Amino acid sequence: MLQTAAQNPGAVQSDSGLDVELRKVFKVFNGETAVRGVDLDVRRGEFFSILGPSGCGKTTTLRLVAGFEMPSAGEVLIRGQSMNQIPPYQRPVNTVFQSYALFNHMNVWDNIAFGLKLKRRGKAEIEEKVREALQLVKMESFANRYPAQMSGGQQQRVALARALVNRPAVLLLDEPLGALDLKLRKQMQIELSNLHRNLGLTFVMVTHDQEEAMSLSDRIAVMHEGRIEQIGTPNEIYEYPRSPFVADFIGDTNLFRGRVKAADASGLRVVTETGLQLVIAPGKRRAAGTGSRTPVQLRPGTDAVVSVRPEKISLTSHPADGQCNSFEGQLIDRMYLGTHIQYVVKLKTGETVMVRQGPGGGDIPSVWDPTYICWKPEDGLALPER
């Protein structure tokens, strides 16, 4: 007998090229709005991350896709089909949790086979699929072990195998590496990337780890207070943030708040509250063709925030001749971090500025000596104050 789409959503195909769509989705808990009008599209086969601080609504958004929560308003679609009335077990998704959620009384083989047995698959099919899943995560020799007999990284591999054994349309990852130590997390990031590339499945990951999202993702949605602040590639998010929050949350940056005093086709001039005169040039165009580095809505008299990445700033013991965005200060701290040296400079106007340079970056003054910082107009990014 043929199954309907609602009975077997995993069989639903859409020619839109999208595996997950959220349309004006809201979620309210006891009068508190956790997700506020979220719109996003996840393309088939991409590694998509939802990134943000604790409490921003990212895990709730993932649970709405999984079906563990239902939207208060809006629509969730998977492969073109509305999921608003579809329970979790009928959705073509599987979830990997930070806690692994393995059955401690079952060995690895039975943990992986559990979902297949629930679906009443034949013994031969179960054996074949479990064996394939174990090979995917390189855990063939651990089939008879129990979770308590394995490390965190090994348990995470088993959780991945259990989620992948049914070949879901979408794999949902809820802080999947958050419980691992730094070295193991780096190793698992590589393995997760390899799995995604080899399987060609759609991965949607929730994380608060910026480096993890930047290194693994094709695209990233940055969430803040229940809203999507920006969606883009890692390069777009880092180089062209659209708000002060995104600029500050992704990587390190220096933020200068002030007011636009002049603006034209060549750029603009922002004067900070302490009197710094900052010159911002339009700079290069975005790879996606979405505009220049200077937002068009910034006009004279409007409040603005200027973002300058630490690696864009030069540190010298002498003032730069004829250089705009050149300011005097005092070196108050210096930290050697292997791949680079991080400096902290306190300007005469009171701002504290972070500077990052490679080792052997030239004649650097001693701590508490006078020093100068400077950056090119095209290396600053002006954003509207919100």
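In this text the structure is predicted, and so the values were computed from the model without any measurement.
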Could you tell me whether [X] and [Y] have a side-chain N and a carboxylate O separated by less than 4.0 Å?
X      : Y      : value
Glu385 : Arg257 : yes
Arg23  : Glu21  : yes
Asp39  : Lys24  : yes
Lys117 : Asp110 : yes
Lys346 : Asp333 : no

Heavy-atom side-chain proximity of [X] to [Y] below 4.5 angstrom:
X      : Y      : result
Ile280 : Leu381 : no
Thr274 : Glu351 : yes
Leu136 : Leu195 : yes
Val270 : Lys261 : no
Arg43  : Val20  : no
Leu18  : Glu46  : no
Leu160 : Val158 : no
Ile231 : Leu40  : yes

Between [atom1] of [X] and [atom2] of [Y], what distance do you get to the nearest 0.5 Å?
X      : Y      : atom1 : atom2 : result
Phe245 : Ile250 : CZ    : CD1   : 8.0 Å
Leu192 : Leu173 : CG    : CG    : 5.5 Å
His318 : Ser326 : NE2   : OG    : 12.5 Å
Thr60  : Phe26  : OG1   : CZ    : 14.5 Å
Arg356 : Asp252 : CZ    : CG    : 4.5 Å
Gln81  : Asn84  : CD    : CG    : 10.5 Å

Write down the atom of [X], the atom of [Y], and the distance for their closest heavy-atom approach.
X      : Y      : result
Gly67  : Pro88  : O-CG, 3.2 Å
Val42  : Arg219 : CA-NH2, 4.1 Å
Val38  : Gly226 : CG2-O, 3.7 Å
Leu383 : Ser307 : CD1-CB, 4.5 Å
Met106 : Pro147 : O-CD, 3.2 Å
Val130 : Val165 : N-CG2, 4.1 Å

Check against side chain to side chain contact (heavy atoms under 4.5 Å, CB included), Asn94 and Asn166: CA-CA 8 Å; Asn94 273 337; Asn166 283 318; 4.1 Å; yes
Gln230 and Ser243 side chains, donor-acceptor separation under 3.5 Å: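 There is no such pair between these side chains.
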Polar contact flag, side-chain donor to acceptor under 3.5 angstrom, Gln342-Arg334: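 Arg334 and Gln342 do not have a side-chain donor-acceptor pair below 3.5 Å.
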[X] side chain to [Y] backbone, donor-acceptor under 3.5 Å:
X      : Y      : value
Asn325 : Leu278 : no
Thr33  : Arg36  : no
Lys58  : Gly52  : yes
Thr371 : Gln330 : no
Thr302 : Arg299 : yes
Lys27  : Met70  : yes
Arg91  : Val65  : yes
Gln149 : Tyr146 : yes
Asp379 : Trp375 : no
Glu32  : Phe29  : no

Output field: ring centroids Phe327/Tyr372 closer than 6.0 Å: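 For Phe327 and Tyr372, the ring centres are not under 6.0 Å apart.
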Aromatic ring proximity, centroids under 6.0 angstrom, Phe142 and Trp109: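 Not close enough - the centres of the two rings lie 6.0 Å or further apart.
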Contact list for residues 93-109, test salt bridge (Lys or Arg N to Asp or Glu O under 4.0 Å), sequence neighbours left out: none
Pairwise salt bridge (Lys or Arg N to Asp or Glu O under 4.0 Å) hits with a residue in residues 145-168, at least two apart: Arg157-Glu191
In one Ile/Leu/Val/Met/Phe/Trp/Tyr side-chain cluster, 4.5 Å: [X], [Y]:
X      : Y      : answer
Leu62  : Val93  : yes
Met214 : Phe48  : no
Met354 : Leu315 : no
Val271 : Leu298 : no
Phe256 : Val345 : yes

Check against side chain to side chain contact (heavy atoms under 4.5 Å, CB included), Leu102 and Gln155: CA-CA 8 Å; Leu102 299 177; Gln155 290 183 53; 3.9 Å; yes
Glu127 atom CD, over 12 foreign heavy atoms within 6.0 Å: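 Yes, the 6.0 Å shell around CD holds more than 12 heavy atoms from other groups.
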Cationic tip of Arg309 above Tyr238 ring, under 6.0 Å, 45° of axis: yes
Check against side chain to side chain contact (heavy atoms under 4.5 Å, CB included), Leu77 and Met83: CA-CA 5 Å; Leu77 300 98; Met83 294 285 120; 5.9 Å; no
CA sep, side-chain torsions, deciding dist, call: Leu347, Val353, side chain to side chain contact (heavy atoms under 4.5 Å, CB included): CA-CA 7 Å; Leu347 303 183; Val353 179; 3.9 Å; yes
Below 3.5 Å, can you tabulate the donor-acceptor pairs from side chains in residues 199-209 to any protein atom, sequence neighbours excluded?
from, atom 1, to, atom 2, distance (Å)
Thr202, OG1, Asp19, OD2, 2.5
Thr202, OG1, Gly45, N, 2.7
Thr207, OG1, Asp209, N, 2.9
Thr207, OG1, Glu212, OE2, 3.2
His208, ND1, Glu175, OE1, 3.2
His208, ND1, Glu175, OE2, 3.1
Asp209, OD1, Glu211, N, 3.1
Asp209, OD1, Glu212, N, 2.9

